[in-house]
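Beneath this line is the structure, given in C-alpha cells, with notes to follow.
Just so we're clear, the structure is a prediction, and the values are computed from it rather than from any experiment.
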Amino acid sequence: MRRVHMRAEGEVQGVGYRYTMQHVAGSNGVSGWVRNLRDGRVEAEIEGEDAAVQAVLDWAAAGPRGGRVTAVHVRDIPPAGGTGFEIRRDG
C-alpha cells in the first residue's frame, strides 16, 4: 500500500482537473482527495496499490484535455486507510 501527497502546477484550475482526477482515481481503485490551492496549483493525496497510485500519478502529469501541466511534485507519506476519493474545498 502506498500513499502520496502531490501538487500539480500549470494550467490546472478551471479545466476539469479535479473532476477528471476523481474519475481516474475511481477507475483505478484508489482513495484520497483533491483540491484547488489559492496559488493556482492543485493538491491531492492518493492511496492504494503501488501500480494504481502510479497510474493516477501518470495521468496527473498529463492532466485533462484543455489543461497544461508543467510540473508535478510527489512525496510519499504514511498510509492512512480510507475509502472513496473526494473533491475537497479549496485550500
Are [X] and [Y] side-chain neighbours, meaning at least one heavy-atom pair lies under 4.5 Å?
X   : Y   : result
L37 : R7  : yes
H23 : F85 : no
L57 : V4  : yes
V69 : V12 : yes
W59 : N28 : no
V15 : P64 : yes

Contacts of type salt bridge (charged side-chain N to carboxylate O under 4.0 Å, His left out), residue [X], not counting sequence neighbours:
X   : result
E49 : none
E45 : R3
D90 : R18
D50 : none

Next item on the list: Begin from the C-alpha positions of R2 and D76 and carry the test side-chain contact (heavy atoms from CB on, under 4.5 Å) through to its verdict.
Entry: CA-CA 7 Å; R2 180 180 184 201; D76 284 277; 2.8 Å; yes
Margin query: Within this structure, what is the CH2-NE2 distance for the pair W33 and H5, rounded to the nearest 0.5 Å?
Written below: 5.0 Å
Margin query: Return the CG to CD distance between D39 and Q13, rounded to the nearest 0.5 Å.
Written below: 8.0 Å
Next item on the list: Quick one: list whatever passes side-chain hydrogen bond (donor to acceptor under 3.5 Å, both in side chains) with E86, sequence neighbours left out.
Entry: R88
Item checked: Those residues that, when tested against H73, pass side-chain hydrogen bond (donor to acceptor under 3.5 Å, both in side chains) (two or more places apart) -> E9
Note to self: Donor-acceptor check, side chain of Y17 to backbone of E11, threshold 3.5 angstrom: yes or no?
What the structure shows: no
